[in-house]
Amino acid sequence: MSGTDLPVLLPAAQRLTERARREREVGGPIPRLQARHGVWLAVILIFSAGAAGAQAGAEQESVLSIMLKWTPLLLKGFVFNLAISFLAMVGGTIVGALLGIWQISLLPPVRAGSWLVTQFFRNAPWLVLLFFCMFLLPFQVEVFGLVIPLPDWIKATFGLALPVMANVSEIVRGAIQSIPSGQWESSESLAFNRRQTLWQIIMPQCIKRMLPPWMNLYAILTMATVLASVVGVSEVMTLTGQVLSAEGGRTDLLVPFYSYILLWFFIYCYPIARWTVHLERHFAVKT
Amino acid sequence: MEAFFVWFQWLYDETGVNLTYFYDSFDRGRMIGGFFTTIWLSVVCLFFSTIIGIVGAWLQGSRLVWTRRIVQGYIQFFRNTPPLVQMYFFFFALGNLLPRVKNEFGFMEPMLGNFTWAAISLSFFAGAFNVEIFRSGIEAVPESTREAAEALGYNRLQSYMYVVLPLAFRVCLPALNNNLVNLVKTTTLAYAIAVPELLYVSNQIWSDSVNVPEMMVTLLILYVALVGLLVWAMHRWERAIRVPGYGI
Amino acid sequence: MTATQAWTTDQPIVRIADVYKAFGAVDVLNGVSLNVMKGEVICIIGPSGSGKSTLLRCINALVPINKGSIQVEGQEVHDPKLDKLELRKKVGMVFQQYNLFPHKTAVQNVMMAPITVLKQDKTEVEARAYALLKKVRLEGKEHSYPGELSGGQQQRVAIARSLAMNPDVMLFDEVTAALDPETVKEVLVTIRELAEEGMTCLLVTHEMGFAREVADHMYFTDRGVIVEQGPPKEFFANPKDPRTQEFLGQIL
Amino acid sequence: MTATQAWTTDQPIVRIADVYKAFGAVDVLNGVSLNVMKGEVICIIGPSGSGKSTLLRCINALVPINKGSIQVEGQEVHDPKLDKLELRKKVGMVFQQYNLFPHKTAVQNVMMAPITVLKQDKTEVEARAYALLKKVRLEGKEHSYPGELSGGQQQRVAIARSLAMNPDVMLFDEVTAALDPETVKEVLVTIRELAEEGMTCLLVTHEMGFAREVADHMYFTDRGVIVEQGPPKEFFANPKDPRTQEFLGQIL
Amino acid sequence: LADSIDDIKARGTLIVGVKADYKPYGFRDPSGAIIGIEPELAQDVADKLGVKLEMVPVVSSNRMQFLEQGKVDLMIATMTDRPDRRKVVQIVDPNYYSSGTNVMSQKAAGLKKWEDLKGKPVCGIQGAFYNKKTQEEFGAKIVAFKGTAEVYTALKQGSCVGFVYDDSALIAQLQDTAQWGDYEMGLPTIDDAPWGLAVRLGEAKFAKLMSDMIVGWHKSGRILELETKNGVANTPFAKAMHEKYKNM
Ligand SMILES: Nc1ncnc2c1ncn2[C@@H]1O[C@H](COP(=O)(O)OP(=O)(O)OP(=O)(O)O)[C@@H](O)[C@H]1O
Ligand SMILES: Nc1ncnc2c1ncn2[C@@H]1O[C@H](COP(=O)(O)OP(=O)(O)OP(=O)(O)O)[C@@H](O)[C@H]1O
Ligand SMILES: [Mg+2]
Ligand SMILES: [Mg+2]
């Protein structure tokens with residue numbers, strides 16, 4: 001089924017509104033927890049570990065200075081990760097939303113076709129899809145004699161957009177189907193046509209349900225960009241491997257370096273996660 | 001059977017389609033081993049990540065602020081960092097902190113092997129998502145139903161076990177399903193710490209036999225089949241526990 | 001399409017003739033016939049599961065019928081060539097569960113359909129929406145979301161929402177269920193005012209007191225057929241059919 | 001713990017004295033006092049939002065009170081040292097929305113609590129569950145899920161579920177809302193039978209006819225206080241308080 | 001079909017696939033540039049053609065696809081010359097380099113012959129061709145990781161008894177006695193396998209040019225010079241080839 005959600009137990013809608021009202025009475029969102037403090041603690045630990053490692057091998061270059069030395073290169077790689085994740089998300093969402101709506105189409109062939117496409121791309125491993133994109137897409141395309149290069153990271157974007165598309169399709173379908181059928185009926189009895197019902201009544205109510213799984217998907221996608229090394233993109237994990245090799249396989253570097261990368265991802269993704277919670281709450285108050 | 005294998009040798013010689021695992025018994029052994037490792041790893045992780053999800057969601061409803069904070073910290077950490085790096089972290093960093101034991105050859109080796117670490121890290125990774133999924137399911141169970149249980153004299157654990165969880169489960173099954181599909185696909189990451197699962201053995205085979213496209217197609221088919229099986233089973237289950245009059 | 005072909009106001013505005021409807025193996029309507037004249041208020045009562053809601057939904061073409069004929073203003077509802085949207089502009093429906101759009105405020109709920117469906121002018125619709133909400137006694141609640149309104153208030157928004165489409169016929173499905181006596185009274189007053197303005201109303205209800213007060217004509221359904229009918233005075237005082245007698249005898 | 005310390009059956013089984021309750025800034029109960037003797041059936045009526053449900057929930061310790069005292073069988077309910085589970089074994093509650101466990105069949109719904117909470121023997125509980133369902137006239141529906149039952153049937157399962165715990169006091173919160181007259185009658189009969197067997201019942205309802213039939217004593221609440229009380233005959237015939245008069249005047 | 005030399009000249013750049021994670025043959029410097037023995041060879045080719053050099057980092061699973069697709073013109077990426085690879089790409093004769101295989105292990109393990117590895121976990125690099133042989137012929141359990149940093153860490157923490165790898169790289173690593181004082185390369189070097197430089201199939205003219213260049217490198221001692229420059233002891237193969245060609 002879906003990333004998505006929830007063939008909702010009917011009374012839940014009422015109850016959630018109740019909570020929203022309570023939140024409004026308190027005069028704002030009731031804050032959830034702050035994971036930040038714990039995380040900063042972890043960061044400090046990691047760095048102190050790195051520093052300790054540096055003191056052990058006295059004549060060697062310190063771990064910290066090695067990390068600093070390579071930071072600009074690694075950042076260049078990280079930019080690829082972000083660009084790929086962003087573009088793949090945008091592309092995958094647009095196509096996936098269409099596919100999801102087609103999944104509830106009244107025309108059986110459209111419905112079956114989009115279901116099949118969705119299931120296929122959802123079940124195939126990301127790595128394999130990426131590989132096929134590398135393999136099947138040319139490195140450049142000629143349009144009317146104009147040679148347009150298809151750099152690796154575009155191919156990677158394409159390869160990752162496919163599973164994103166399938167997942168978004170499921171999210172959209174699941175959300176639409178979780179809206180009580182009374183909403184369809186009452187719109188119908190007010191003479192809304194199907195398109196109007198979908199866009200003005202159903203979809204706005206789906207947003208809240210779709211947001212959490214959609215943002216989860218983005219988190220998963222961002223993490224999956226490290227797979228892009230398969231198609232030859234010099235993204236941050238590939239570069240980290242290369243850096244470690246360039247440093248001659250020092251065993252005290254492995255953990256600090258990967259912790260460093262871990263931290264970058266966290267710093268990028270955590271605010272997004274917080275923002276999702278915020279958005280979710282924002283939509284919750286209105287419904 | 002032998003003729004069947006020989007035919008693939010012929011296929012390779014004639015067309016260049018090189019499916020070594022049919023005619024080469026060594027590759028075949030690796031492939032079968034990889035297949036079962038993947039299944040075993042998936043099953044173990046499915047089980048433990050679900051347990052983590054259930055317990056985590058229960059702890060998240062705890063009255064103790066610090067319990068909730070720790071659960072939140074756990075979720076945020078695992079959701080917002082790449083699982084590949086997490087796996088490295090578990091295997092290389094935590095693996096190093098554990099005491100070592102003497103193995104059968106008289107060497108000191110880490111207490112937990114790479115398979116165990118892969119299972120642990122993937123379970124924690126998928127578990128973090130599961131906690132959130134179960135939480136949303138639990139929130140969808142009407143307060144009044146919980147109250148009814150309370151009014152009948154259930155204590156907190158009983159009402160969670162007998163009323164809230166079974167209902168929440170039905171609500172979040174589609175989302176859970178989705179996450180578990182992702183988990184099975186994510187087991188491929190275990191290749192990074194040398195767990196001989198499907199991707200790992202495929203990688204070995206294609207570096208030996210230069211048949212990357214063939215192995216990729218093989219992987220695609222195997223995973224689509226495996227995941228398809230899981231999805232099918234979950235759907236069956238979903239239908240089996242469907243409550244009349246609820247859901248759509 | 002606005003076909004008032006042969007229909008004139010001296011003919012029934014809703015003409016239901018020998019309608020059959022089954023859901024799979026379950027026979028729900030087994031030959032229902034009834035006629036409603038313009039401006040009439042009729043009440044349908046009957047035990048649970050006797051097909052009352054289904055009948056209303058058939059009139060609105062929300063569910064197809066198996067046999068028989070339903071005409072609204074002389075036009076066959078279940079004609080496959082019929083433009084359902086046109087029908088629904090003429091027939092409004094208020095559901096038991098209200099089915100308000102939870103993401104819109106009360107006034108937005110009322111305004112949406114006229115603007116989207118009838119493409120009417122926004123400012124004009126807005127003025128009418130406020131007037132309608134005033135009419136159902138919801139002044140001051142215009143900008144509340146459904147989740148912030150009590151059941152009775154939601155019910156009245158749903159009525160206003162249907163009225164905004166200016167239908168000729170209104171269908172009310174158990175609009176007073178689960179309301180307290182005071183709110184029931186308010187809804188009653190609203191429906192009465194509508195009837196006085198010439199609106200045709202078909203009501204399904206479990207509230208006998210309410211039915212007695214509001215109806216011009218009563219129908220009693222059981223197992224998918226109309227067992228008895230008549231003006232409320234006579235209907236309640238001297239039920240003829242034993243099934244009706246039994247049912248009315250249960251009322252406390 | 002099963003404390004019947006000083007309590008004897010000639011004292012009120014439920015003794016509510018000057019109870020205050022506010023949700024945040026909203027005062028819901030403003031000094032409610034009432035006593036119920038063993039085997040008595042009392043009905044509480046009043047406009048929406050007057051705190052009827054809240055009062056029942058306070059008796060069951062589902063919500064804490066701010067001031068005053070509630071005693072059940074001589075035991076203070078809001079004593080922090082009280083084992084709430086023990087209290088709830090003595091006090092059963094039936095909710096307006098039934099709140100059945102939708103993933104369990106009717107008989108499972110009835111059996112669950114005695115087995116899980118009271119750790120009673122399964123076969124023994126099962127026999128009792130069937131007997132109870134028979135008593136509420138639900139033979140043949142034992143293995144239906146709540147989603148497959150009509151509202152009235154669900155309501156009766158909920159009653160059986162509470163009875164299975166063998167409580168001394170039953171609280172009914174608007175158990176007849178949204179039911180058709182026939183089903184209301186059935187529920188009425190069930191409650192009457194319970195009362196005859198000596199069960200103490202507290203009911204909240206909007207159905208005046210029902211209240212008149214079933215109650216030994218009526219209470220009318222408004223804005224969190226009990227405005228009027230008395231035996232039903234007198235209460236309905238000669239209400240003294242103007243607020244009660246107005247309320248009863250609205251009834252159709 | 002246009003010849004790729006013409007294409008390269010028209011384009012003004014030569015695109016070469018090289019390794020970027022294999023010190024000292026191809027690795028990154030902090031600016032991101034790829035340096036090492038093979039990049040220098042690639043630079044020689046570009047100079048010879050009079051064009052600019054562009055290097056694309058490749059890994060074993062994609063290097064042949066890149067060449068086939070035309071994404072790179074030439075591959076100098078530590079690829080062992082094997083018959084099945086010759087079916088996919090055109091490996092230029094003579095071989096430009098070679099390396100043997102050996103195992104680095106703790107001195108305490110006392111490994112003396114390859115058969116000693118039987119049944120024991122041995123670390124390796126994913127994609128290396130001798131993994132299969134070590135496993136198939138000597139019965140070792142190969143635990144292969146992505147990069148050398150992972151392997152060395154796993155070796156240190158005792159996840160495997162030894163590391164099977166190119167002997168020249170191991171020799172270089174063992175020179176760091178501070179870290180690896182307790183380790184040795186105790187087995188006889190086997191499999192002196194030649195490395196092949198590859199162009200697309202059917203590129204006769206380009207292959208001829210490259211063949212001449214390789215002969216030139218051997219003749220002039222360029223390979224030996226690069227080895228010394230990058231801190232690798234001169235390999236027997238490079239010495240032998242220099243002997244063979246220097247007087248031609
Ligand atoms: N979509 C459906 N599929 C199958 N059976 C249906 C469906 N809708 C209604 N029914 C059945 O049709 C019968 C009549 O239903 P309907 O809702 O019209 O009854 P009603 O008279 O409105 O009852 P109530 O007073 O309880 O609302 C019921 O037995 C119901 O179970
Ligand atoms: N948890 C709560 N938080 C805040 N206010 C509450 C809460 N529960 C009830 N109230 C308020 O307390 C008041 C009384 O509620 P209660 O449910 O007791 O009314 P009631 O008499 O049962 O009404 P009805 O007949 O509509 O069921 C209402 O105004 C309601 O909004
Ligand atoms: Mg109905
Ligand atoms: Mg109430």
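First the proteins, then the strands, lettered A, B, ... as listed; each starts at 1.
For E/Val88, the part lying near chain B is the side chain, with the backbone staying farther off; criterion is any non-hydrogen pair under 4.5 Å. For chain E, the nearby part of B/Tyr88 is the side chain; its heavy atoms alone come within less than 4.5 Å.
Note: B/Asn203 CG to E/Lys146 NZ = 9.5 Å, rounded to the nearest 0.5 Å. To the nearest 0.5 Å, atom CD of residue E/Glu136 and atom CG of residue B/Asp27 are 7.5 Å apart. Summarising the geometry, atom NZ belonging to E/Lys132 is positioned 4.0 Å from atom CG belonging to B/Asp24; distances are rounded to the nearest 0.5 Å. Rounded to the nearest 0.5 angstrom, B/Phe92 CZ and E/Lys156 NZ are separated by 13.5 Å.
Contact annotation: the side chain of E/Gln65 approaches that of B/Pro213 to within less than 4.5 Å [non-hydrogen atoms, C-beta and beyond].
Around the CZ atom of B/Phe48, the shell of radius 6.0 Å holds no more than 12 heavy atoms that belong to other residues, nucleotides or ligands. Annotation: B/Phe26, atom CZ; neighbour count of heavy atoms from other residues, nucleotides and ligands within 6.0 Å is above 12.
Of the listed residues (E/Lys133, E/Arg82, E/Lys87, E/Gln126), the one with the most heavy-atom contacts under 4.5 Å to chain B is E/Gln126.
Taking every heavy atom of both residues into account, E/Ala144 and B/Ala194 meet most closely at O-CB, 3.1 Å. A pairwise comparison of heavy atoms in E/Ser159 and B/Phe91 identifies OG-CZ, 3.5 Å as the closest pair.
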